[in-house]
**Q** 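Right, I'll just put the structure down here and ask away after.
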Amino acid sequence: MKRLHKTRVATAALAVLPALAVAGVAGIAGAGQLIELTQTGCQFLEPENGTDHGFETASAADCDRINAETSVERLANADVMTVKPGTYTFRVTNKNVPYELGFWLRDSDYEAGNPLHKLTKTSVSGGGLVEGASRDYEVDLKPGTYLYSCPLNPTPDYTLVVSSE
């Protein structure tokens, strides 16, 4: 059973708050709320309780192998990020991965090959995250369940729940 970790969110009118346990969430002028995520080899740190497993990777194939061996247990212990509906900027940082990374946030039932999903479902993605770089991805989140991952530095699919409660 996954543990549900509630993340408090500041509104854009509030000053920047320190990083929270699951992800850094703060207000930023004109862009909604900021959620900071850090990628290391084959993982995001924040949903894995900030634990850097120290996976050594030189390519996506290394992560495919590592995740085949470890992702079930890691996801069983991963925190589920919970936020309120609204506009968010996900700031993703490549921390010490020697190849380009990206980010993909989408509805949990999103199918990339379904043309209707491209029109009716949420999907935000992009690459270009070289070692040490950060990039922002803005998205308007409505109540529901989403997944986020990196297809270039294959990570598990981490869960994000958007709830009005």
Side-chain angles (χ1 to χ4, degrees), residues 2 5 7 19-26 28 31-83 87-142 144-162:
K2 289 185 184 177
H5 181 85
T7 302
L20 297 172
V22 170
V25 181
I28 53 178
Q33 294 142 106
L34 177 66
I35 297 175
E36 296 185 68
L37 296 171
T38 309
Q39 282 195 68
T40 61
C42 315
Q43 72 172 113
F44 282 91
L45 294 179
E46 291 78 7
E48 295 198 35
N49 305 299
T51 301
D52 185 343
H53 295 289
F55 298 130
E56 297 210 10
T57 176
S59 69
D62 292 333
C63 289
D64 288 335
R65 178 186 50 76
I66 289 166
N67 288 327
E69 297 169 2
T70 66
S71 67
V72 171
E73 181 179 344
R74 288 167 42 216
L75 284 174
N77 294 310
D79 285 328
V80 173
M81 186 185 331
T82 302
V83 299
T87 301
Y88 291 86
T89 299
F90 286 80
R91 178 165 295 148
V92 181
T93 301
N94 175 343
K95 181 180 178 186
N96 302 322
V97 180
Y99 50 89
E100 183 179 319
L101 308 182
F103 179 68
W104 185 26
L105 181 137
R106 69 267 183 208
D107 278 293
S108 63
D109 62 349
Y110 184 87
E111 295 175 20
N114 184 332
L116 290 177
H117 285 193
K118 293 181 187 303
L119 299 172
T120 62
K121 303 252 180 212
T122 298
S123 178
V124 175
S125 64
L129 285 166
V130 296
E131 188 171 359
S134 295
R135 182 166 174 198
D136 291 351
Y137 303 86
E138 188 172 324
V139 61
D140 184 37
L141 295 174
K142 303 196 180 335
T145 302
Y146 299 82
L147 300 175
Y148 63 98
S149 62
C150 176
L152 303 175
N153 172 42
T155 66
D157 290 331
Y158 301 102
T159 302
L160 165 68
V161 174
V162 179

**Q** If the condition is side-chain hydrogen bond (donor to acceptor under 3.5 Å, both in side chains), which residues does S59 pass it with, not counting sequence neighbours?
**A**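 For S59, no residue satisfies side-chain hydrogen bond (donor to acceptor under 3.5 Å, both in side chains) once neighbours in sequence are set aside.
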
**Q** Taking only residues at least two apart or on different chains, which pairs with a member in residues 100-120 satisfy salt bridge (charged side-chain N to carboxylate O under 4.0 Å, His left out)?
**A**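 For residues 100-120, and leaving out neighbouring residues, the salt bridge (charged side-chain N to carboxylate O under 4.0 Å, His left out) pairs sorted by first residue read R106-D157, D109-K121.
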
**Q** Are side-chain heavy atoms of V162 and Y88 found at a separation under 4.5 Å?
**A**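 Side-chain contact under 4.5 Å: no.
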
**Q** Please name all residues satisfying side-chain hydrogen bond (donor to acceptor under 3.5 Å, both in side chains) with K142, sequence neighbours left out, ordered by chain then number.
**A**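 Listed in chain order: D140.
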
**Q** Report the residues that fulfil disulfide (SG to SG under 2.5 Å) with C150, sequence neighbours left out, ordered by chain and then residue number.
**A**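 Checked C150 against disulfide (SG to SG under 2.5 Å); zero matches.
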
**Q** Please examine the side chains of Q43 and D52, heavy atoms only from C-beta on, and report whether any two atoms are closer than 4.5 Å.
**A**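 Touching, per the 4.5 Å side-chain cut-off.
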
**Q** Find out whether L160 and L141 are in side-chain contact, i.e. whether some heavy atom of one side chain is under 4.5 Å from a heavy atom of the other.
**A**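 Contact flag for L160/L141 side chains = yes.
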
**Q** Hey, does H53 have a side-chain heavy atom less than 4.5 Å from the side chain of T40?
**A**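 When only atoms from C-beta onward are counted, H53 and T40 do not touch, as no gap falls below 4.5 Å.
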
**Q** Please name the pair of heavy atoms, one in C42 and one in T57, separated by the smallest distance, quoted to 0.1 Å.
**A**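 Residues C42 and T57, closest heavy atoms: SG-CB, 4.1 Å.
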
**Q** Check side-chain hydrogen bond (donor to acceptor under 3.5 Å, both in side chains) between T51 and all other residues, then give those that pass, not counting sequence neighbours.
**A**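 Once residues adjacent in sequence are excluded, T51 has no partner under the side-chain hydrogen bond (donor to acceptor under 3.5 Å, both in side chains) criterion.
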
**Q** Quick one: does any side-chain atom of D136 pair with a main-chain N or O of T89 as donor and acceptor, under 3.5 Å?
**A**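 Such a contact is absent between D136 side chain and T89 backbone.
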
**Q** Of all the heavy-atom pairs spanning E131 and V97, show the shortest one and how long it is.
**A**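 Smallest heavy-atom distance, with atoms named: CB-O, 3.4 Å.
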
**Q** On the 0 to 90° scale, with breaks at 30° and 60°, tag the Y110-W104 ring pair as parallel, tilted or perpendicular.
**A**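 Geometry flag for W104 against Y110: perpendicular rings.
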
**Q** Would a distance-only check, ignoring hydrogens and angles, find a side-chain to backbone donor-acceptor pair under 3.5 Å from E36 to E46?
**A**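 Judged by distance alone, no pair lies under 3.5 Å.
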
**Q** Not counting sequence neighbours, which residues clear salt bridge (Lys or Arg N to Asp or Glu O under 4.0 Å) with R135? List them please.
**A**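 None.
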
**Q** Tell me, which pairs form a disulfide bond (SG atoms under 2.5 Å apart) where one or both residues lie in residues 93-124, sequence neighbours left out?
**A**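 Sorted pair list comes back empty.
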
**Q** With sequence neighbours left out, write down each residue that passes side-chain contact (heavy atoms from CB on, under 4.5 Å) with T145, or none if nothing qualifies.
**A**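 For T145 the side-chain contact (heavy atoms from CB on, under 4.5 Å) partners, ignoring immediate neighbours, are S108, T159, V161.
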
**Q** With sequence neighbours left out, write down each residue that passes ring pair (Phe, Tyr, Trp, His ring centres under 6.0 Å) with F44, or none if nothing qualifies.
**A**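 Ring pair (Phe, Tyr, Trp, His ring centres under 6.0 Å) list for F44, sorted by chain: Y148, Y158.
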
**Q** Would you call L37 and M81 a side-chain contact if the rule is heavy atoms closer than 4.5 Å?
**A**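 Yes - at least one pair of side-chain heavy atoms lies under 4.5 Å apart.
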
**Q** Can you pull out every ring pair (Phe, Tyr, Trp, His ring centres under 6.0 Å) where at least one residue sits in residues 120-141? Sequence neighbours excluded, please.
**A**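 Counting only pairs at least two positions apart or across chains, the ring pair (Phe, Tyr, Trp, His ring centres under 6.0 Å) contacts touching residues 120-141 are F103-Y137.
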
**Q** What pairs meet the disulfide bond (SG atoms under 2.5 Å apart) rule with one or both residues in residues 88-134, with sequence neighbours excluded?
**A**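 Listed by first then second residue: nothing to list.
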
**Q** Restricting to side-chain hydrogen bond (donor to acceptor under 3.5 Å, both in side chains), what partner residues turn up for D62, sequence neighbours left out?
**A**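 Not a single residue meets the side-chain hydrogen bond (donor to acceptor under 3.5 Å, both in side chains) criterion with D62.
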
**Q** Compare every heavy atom of Y99 with every heavy atom of N94, then report the nearest pair and how far apart it is.
**A**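 Residues N94 and Y99, closest heavy atoms: ND2-O, 3.3 Å.
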
